[in-house]
Amino acid sequence: MDLEKFFWINFIGFQEFYTHHLMSEDPADIQMATGCELHSGKGFVGFVQAAIQGYEFLSFQNETWLPSPKGGRKAQKACTLLNLSQDYTHRVQWLLSDNCPRFTLGLLDAGKAYLQRQVKPEAWLSRGPTPGPDRLLLVCHVSGFYPQPMWVMWMRGEQEQQGTQRGDFLPNADGTWYLRVTLDVAVEEAAGLSCRVKHSNLGGQDLILYWAGKSWDPGWKWGEVVLCQGMRVS
């Protein structure tokens, strides 16, 4: 649909009509709402509503311009003139009954396809800032997944680690999601830990990343990515 044409006819066109036929020397603020709504069992219903100086002035329904009670004689005059202008009225009706529904359906289809995307997560491990002497902050990063529901937990074997801290879901630029899950542990307890990821797009298999650090080197820098071993299990 030509949106420029749509708004030109429904706003600029009405503005020119009001200025030419009804406007006095005083300036006027014109507000318009134009569009179409999808009603269950009734299809699309188009509408045009106009306000002058903040007050309801007129509306357009079923190919007819209707004055608002608050619009007074000026609104009645405007509707009389607009209803006599069959060419303009037909163009507005055509946009509301044809172009607007097609454009709206296009948006709905595009939105449906976007929301139904299925994107598998990627995961990796790193070490966060040292939380204290002889302690490690293990960080499990999960990114690039859609939809949002996601389960991530630090594990030792099949035992969930209750100290697991989950951050907020953060959006990526491509519309997918990122999640950061951490665990504060003593250095000697880090061996044997793993990060387990469950998501609807993993085909019923969990993604497991094993912490591969065998020892702790004080020379490591915060944010350094730690090599890990990953596997999927059903």
- Query: Once you round to the nearest 0.5 Å, how far does OG1 of Thr89 lie from CD of Gln86?
  - Reply: 5.5 Å
- Task: Report the C-alpha separation of Leu125 and Cys140 in whole Å, then their side-chain angles, then the decisive distance to 0.1 Å, and conclude whether the side-chain contact (heavy atoms from CB on, under 4.5 Å) test is met.
- Result: CA-CA 5 Å; Leu125 304 182; Cys140 183; 3.8 Å; yes
- Task: Please answer whether the main-chain N or O of Ile208 pairs with a side-chain N or O of Asp206 as donor and acceptor at a distance below 3.5 Å.
- Result: no
- Side-chain heavy atoms of Lys77 within contact of Thr80, under 4.5 Å: no
- Query: Thr176 and Gly144: which non-hydrogen atoms are nearest, and at how many Å?
  - Reply: OG1-CA, 3.4 Å
- Task: Would you indicate whether Asn62, at its atom CG, is surrounded by more than 12 heavy atoms from other residues, nucleotides or ligands within a distance under 6.0 Å?
- Result: no
- Query: Under the 3.5 angstrom rule, does the side chain of Glu160 hit a backbone N or O of Glu158 as a donor-acceptor pair?
  - Reply: no
- Task: Taking all non-hydrogen atoms of both residues into account, name the closest pair between Ala50 and Met32 and its distance.
- Result: CB-CG, 4.1 Å
- Task: Establish whether Phe47 and Val92 are linked, either directly or via other cluster members, by ILVMFWY side-chain heavy-atom contacts under 4.5 Å.
- Result: no
- About how many Å separate CD of Gln61 and CG of Leu96, when rounded to the nearest 0.5 Å? 11.0 Å
- Message: side-chain contact (heavy atoms from CB on, under 4.5 Å), that's the test. Do Gln118 and Ser200 meet it? Break it down for me.
- Response: CA-CA 8 Å; Gln118 301 293 323; Ser200 59; 4.2 Å; yes
- When you measure from the side chain of Asn172 to the backbone N and O of Trp177, does any donor-acceptor pair fall under 3.5 Å? yes
- Message: Leu82 vs Leu58, test: side-chain contact (heavy atoms from CB on, under 4.5 Å). Steps then yes/no.
- Response: CA-CA 11 Å; Leu82 287 170; Leu58 56 77; 4.0 Å; yes
- Query: Is there side-chain contact between Ile30 and Ile52, with at least one heavy-atom pair below 4.5 Å?
  - Reply: yes
- Item | Within-4.5 Å side-chain heavy-atom neighbours: Cys195 and Val152 | yes
- Query: Is the backbone N or O of Glu189 less than 3.5 Å from a side-chain atom of Arg156, with the two atoms forming a donor-acceptor pair by type?
  - Reply: yes
- What are the two closest heavy atoms between Asn201 and Pro147, and how far apart are they? ND2-CD, 3.9 Å
- Query: Short question: side chain of His90, backbone of Glu63 - any donor-acceptor pair under 3.5 Å?
  - Reply: no
- Query: Residues in side-chain contact (heavy atoms from CB on, under 4.5 Å) with Gln165, at least two apart?
  - Reply: Thr182
- Could you state whether Tyr146 and Leu202 fall into the same hydrophobic cluster, counting links through intermediate Ile, Leu, Val, Met, Phe, Trp or Tyr residues with side-chain heavy atoms under 4.5 angstrom apart? yes
- Message: Among Arg166, Lys198, His199, which residue satisfies the side chain to side chain contact (heavy atoms under 4.5 Å, CB included) criterion with Met150?
- Response: His199
- What about Leu66 and Phe57, same hydrophobic cluster or not, with Ile/Leu/Val/Met/Phe/Trp/Tyr joined at side-chain heavy-atom distances under 4.5 Å? no
- Taken to the nearest 0.5 Å, the spacing of Leu183 CG from Leu137 CG works out to 8.0 Å
- If the plane angle is over 60° it's perpendicular, under 30° parallel, otherwise tilted; pick one for Trp124 and Tyr178. tilted
- Message: Could you see if Val197 belongs to whatever hydrophobic cluster contains Val119? Use Ile, Leu, Val, Met, Phe, Trp, Tyr and a side-chain cutoff under 4.5 Å.
- Response: yes
- Applying the 4.5 Å side-chain criterion to the ILVMFWY set and letting contacts propagate, would Leu38 and Leu95 be lumped into a single cluster? no
- So how far is it from His39 NE2 to Phe44 CZ, rounded to the nearest 0.5 Å? 10.0 Å
- Message: Are there over 12 heavy-atom neighbours, none belonging to Gln148, within less than 6.0 Å of that residue's CD?
- Response: yes
- For Ser126 and His141, the nearest pair of non-hydrogen atoms, with its separation, is OG-NE2, 2.6 Å
- Message: If I compare all heavy atoms of Ser97 with all of Pro101, which pair ends up nearest, and what's the gap?
- Response: O-CG, 3.5 Å
- For Met155, which fellow cluster members are found when Ile, Leu, Val, Met, Phe, Trp and Tyr are connected by side-chain heavy-atom distances below 4.5 angstrom, either directly or through intermediates? Trp151, Met153
- Item | Residues that Asn83 engages under side-chain contact (heavy atoms from CB on, under 4.5 Å), provided they are two or more places apart | Thr64, Trp65, Cys79
- Give the minimum heavy-atom separation between Arg127 and Val139, together with the two atoms involved. C-CG2, 4.3 Å
- Item | Separation of Thr104 OG1 from Asp109 CG (nearest 0.5 Å) | 11.0 Å
- Query: Is it true that atom CD of Gln93 has more than 12 heavy atoms of other residues, nucleotides or ligands lying nearer than 6.0 Å?
  - Reply: yes
- Message: Would you compute the distance between atom OG of Ser194 and atom CG of Leu138 and round it to the nearest 0.5 angstrom?
- Response: 10.5 Å
